[in-house]
Amino acid sequence: MDGNGRWAAARHLPRLEGHRRGAERIFDVVDCCIDQGVSALTLFAFSAENWRRPVEEVTGLFKLGEWVLKANLARLHRRKVRLKVIGDLEAMPDFVKNPLKQAITDSAKHEAFTLIVALNYGARQEITTAVKNLAAEALAGKIKPENIGWDDIANHLQTSGLPDPDLIIRTSGEHRLSNFLLLQSAYAEIVFTPVHWPDFTKEEFTKALSEFGKRERRFGMTHEQINHTKTP
Ligand code: FPP
């Protein structure tokens, strides 16, 4: 959800106003996902590196997060959204952590759509923890190092049980992944848009989906193989 700060600066508004307007976009996009048959959406809400921002911005973001959840809880349940968090939630303040944990428990039964919030998340940190846990299991004799495969690694990531992203959308004209789902994105299509997140409307999201629809996903195969295996 990049570009909130620049959106605000262009309008001579405080950065937090950009984040607030960005937060208003979240459930438009969630609605759009559900209506268009997308099964899961991950929002990069706060990276493990975002703690480096001024303390007022960090606190403001957390308060905004608490408000977004409270304001949309009924909608979340009405639309049968299962909420999940990836990242180190334990390091978050109680006023963010506790309502989130409650919403995760209360929405666990929903199956229509999964909304994953990446909060205090960093892919390198996630991979480091996975490697430590695998190494500990190997030392304890629970797993043989020579038998470790991709599935074992994937099962030790915080996204275990969740689908890999098919599409990653990066808003605001930046062309990088910024420590987001680095292993899970191995075969993801990436759409870059110059639009800042507060302007990322349902129409913009639909445009990104349609761009995704035009991509040929080869997964290592040739164009001819892909077209041969397609049913007419
Ligand atoms: C990046 O824009 C955006 C963020 C760091 C925060 C996005 C989060 C929300 C909109 C919702 C808040 C919810 C929670 C749970 C924290 P930027 O500030 O990097 O924009 P810029 O690059 O234009 O400065």
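All ligand and atom numbering here is 1-based and tracks the order in the structure.
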If the cut-off is 4.0 Å to any non-hydrogen atom of L119, which atoms of ligand 1 fall inside it? 15 (C)

Per-atom contacts, ligand 1 versus D2 - under 4.0 Å to a heavy atom: 1 (C), 2 (O), 17 (P), 19 (O), 20 (O), 21 (P), 22 (O)

Check each of R6, R53, R20, M1 against atom 19 (O) of ligand 1 and report the one with the nearest heavy atom. R53

Could you identify the single nearest non-hydrogen protein atom to [atom] and state the distance to 0.1 Å?
atom                    : value
atom 5 (C) of ligand 1  : N50 OD1, 3.7 Å
atom 20 (O) of ligand 1 : G5 N, 3.1 Å
atom 8 (C) of ligand 1  : A45 O, 3.5 Å
atom 14 (C) of ligand 1 : G65 CA, 3.7 Å

Heavy atoms from other residues, nucleotides or ligands near NZ of K202 exceed 12 (cutoff 6.0 Å): yes

Take atom CZ of R11 as the centre, draw a 6.0 Å sphere, and report whether it contains more than 12 heavy atoms from other residues, nucleotides or ligands. yes

Who passes side-chain hydrogen bond (donor to acceptor under 3.5 Å, both in side chains) against D28, sequence neighbours left out? R25

List the steps, then state whether ring pair (Phe, Tyr, Trp, His ring centres under 6.0 Å) holds for Y187 with F219. CA-CA 7 Å; Y187 286 99; F219 301 100; 5.4 Å; yes

If the condition is side-chain contact (heavy atoms from CB on, under 4.5 Å), which residues does P93 pass it with, not counting sequence neighbours? F62, F95, V96

Take F192 and I169 through the side chain to side chain contact (heavy atoms under 4.5 Å, CB included) test and state the conclusion after the steps. CA-CA 6 Å; F192 297 105; I169 303 169; over 6 Å; no

